[in-house]
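Worksheet: one structure, shown below.
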There are 2 protein chains.
Amino acid sequence: MATRQRGRPRSFDRLTALEQATMAFWEHGYETTSVSDLTRAMGISAPSLYAAFGDKKTLFEEVVEAYAGSYGSYGGRAFAEEPTARGAIGRVLREAAELFTESGHPRGCLMISAATNCSTPEVEEALRARREANLTSFEARISRGIEAGELSPGTDARALARFSGAVLQGMSQQARDGATREDLAAIAEWAMRSWPAETTPAITPGAAQETASETPAGYGA
Amino acid sequence: MATRQRGRPRSFDRLTALEQATMAFWEHGYETTSVSDLTRAMGISAPSLYAAFGDKKTLFEEVVEAYAGSYGSYGGRAFAEEPTARGAIGRVLREAAELFTESGHPRGCLMISAATNCSTPEVEEALRARREANLTSFEARISRGIEAGELSPGTDARALARFSGAVLQGMSQQARDGATREDLAAIAEWAMRSWPAETTPAITPGAAQETASETPAGYGA
DNA sequence: TTGTTTGTGTAGTGGTCGTTACGAAAAGAC
DNA sequence: GTCTTTTCGTAACGACCACTACACAAACAA
């Protein structure tokens, strides 16, 4: 680790280049971003890209992973810090309204939009799997909220999770279509109106008792 | 019109070919559907396609127009036939749950998904404009509902319209991700929970009094 | 029949796609 | 210095993209 590399040193910063690739994929999606676009955005030549990141698909996978750990981490934080299901998912929607319209990066959510209309099945499926996983984590958190007495026992956890996810996905598309932050925030608030009010104050606040399986893996739906 | 064509007659049915092109674009989106895919799906050769439909972009525009008048017409019907704003938009969401999962054609909504991640700006903008137009028609209908006393005067028409549109767009994505019809129907019902109840029964039922500008131009969001 | 018009099939156009061979350049090891 | 290792820039690869030139086929008009 302290030992220097043997050969000629890399002339670019790998993390910076990865971030620039993230911006390109986030903006234009997997399929529409050509390797030529990538090399231009990253400021490196094609052979350097292939040497450092494998091929286009592998680079995209690394981008998605990095995105999940940075921009997409707000969901995990909300789940970890908010004591109730309603609080957690409400916060996810409200923070999404900010993230999706923040300046300094493209609009909307990379995981929601970057692999739509993608002719590489593995890439399309990889993002679909992440969306599914997040719906599942929504549902698990809601189920736990029902068990904890926060929500009425008759609550349909699957439906409420899918509804919340649909709102998040719609917010992403509207962000890309030019909606303002206030537009998205209003959508989030309106969605939370149909959430049943909590029947009991949360008993055990804090993150310690989460199940790993119900923590969103990066973005929110 | 009764006069026959002068030259060699076309060896395929233009409307059938258009329908097959619709299926291809609906399934894979504008960019990802190649002319080669199209000629295969339509059962004709490239020169025939170009002679009958212009170029790929023009064909897509014709596809979108035909889609708006057929599959996408449920929105206009709901607006024409339902007396209240709540009834109209609720019906749009419920019928979308069916359309988006119907067998015999691809899932979700062509207008919502077919131009995502599209590198041809005119095509991307054309569909975005249709989505915007439908949000506007949602908003106009809600505003009229407020004026008619169906909805509380304090209702934020823009927010409620965008919320409803976001749900519709999320439903389309989830349909493409494999959600069942029941999943989508439950999302629609849940969305309607946050809609305020009508404060007055509708006074003037029927379609006659619509303003043209508030009729959705083909799909719903 | 002959000419005109229109559609069809073959076979291409130049351009871009993702990817890579190859030799020069820049570092440590000896 | 020379060897080895790794990265660099140039310049391509075959495959596919949207699109079309061209010659032939099939209809009507004369």
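Within every chain, numbering begins at 1; the chains are lettered A, B, ... in the order of the sequence lines, protein sequences first and strands thereafter.
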| So which pairs with a foot in residues 64-75 of chain B pass salt bridge (Lys or Arg N to Asp or Glu O under 4.0 Å), sequence neighbours left out? | B:Glu65-B:Arg130
Any side-chain donor paired with an acceptor under 3.5 Å for [X] and [Y]?
X	Y	result
A:Thr101	A:Arg181	yes
B:Glu31	B:Ser119	yes
B:Ser164	B:Trp195	yes
A:Ser48	A:Ser45	yes

Whole angstrom value for the distance that separates [atom2] of [N] from [atom1] of [X]:
X	N	atom1	atom2	answer
B:Met42	C:dG9	CE	P	14 Å
A:Leu49	C:dT20	CG	C1'	13 Å
A:Arg14	D:dT6	CZ	C1'	15 Å
A:Leu59	C:dC17	CG	P	16 Å

| query | Which residues satisfy the side-chain hydrogen bond (donor to acceptor under 3.5 Å, both in side chains) test with A:Glu125, sequence neighbours excluded? | reply |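 In terms of side-chain hydrogen bond (donor to acceptor under 3.5 Å, both in side chains), with neighbours along the sequence ignored, A:Glu125 is linked to no residue.
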| said: For B:Glu27, give me all partners under side-chain hydrogen bond (donor to acceptor under 3.5 Å, both in side chains), at least two apart in sequence or on another chain. | reply: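 Expected list: none.
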| Can you tell me if the side-chain N/O atoms of A:Ser45 get under 4.0 Å from OP1 or OP2 in D:dG9? | yes
All N/O contacts under 3.5 Å from nucleotides 17-22 of chain D to the protein, with atom names and distances to one decimal?
{"unit_1": "D:dC17", "atom_1": "OP1", "unit_2": "B:Ser34", "atom_2": "OG", "d": "3.3"}
{"unit_1": "D:dA18", "atom_1": "OP1", "unit_2": "B:Val35", "atom_2": "N", "d": "3.4"}
{"unit_1": "D:dA18", "atom_1": "OP1", "unit_2": "B:Lys56", "atom_2": "NZ", "d": "2.8"}
{"unit_1": "D:dA18", "atom_1": "OP2", "unit_2": "B:Val35", "atom_2": "N", "d": "2.7"}
{"unit_1": "D:dC19", "atom_1": "OP2", "unit_2": "B:Tyr50", "atom_2": "OH", "d": "2.9"}
{"unit_1": "D:dC19", "atom_1": "OP2", "unit_2": "B:Lys56", "atom_2": "N", "d": "3.1"}
{"unit_1": "D:dC19", "atom_1": "O5'", "unit_2": "B:Tyr50", "atom_2": "OH", "d": "3.2"}

Protein and nucleotides 3-7 of chain C: nitrogen or oxygen contacts under 3.5 angstrom:
{"unit_1": "C:dT6", "atom_1": "O2", "unit_2": "B:Arg8", "atom_2": "N", "d": "3.3"}
{"unit_1": "C:dG7", "atom_1": "O4'", "unit_2": "B:Arg8", "atom_2": "O", "d": "3.3"}
{"unit_1": "C:dG7", "atom_1": "N2", "unit_2": "B:Arg8", "atom_2": "NH1", "d": "3.1"}

| query | Got a sec, which residues hit side chain to side chain contact (heavy atoms under 4.5 Å, CB included) with B:Ala114, two or more places apart in sequence or on another chain? | reply | B:Phe60, B:Leu110, B:Leu127
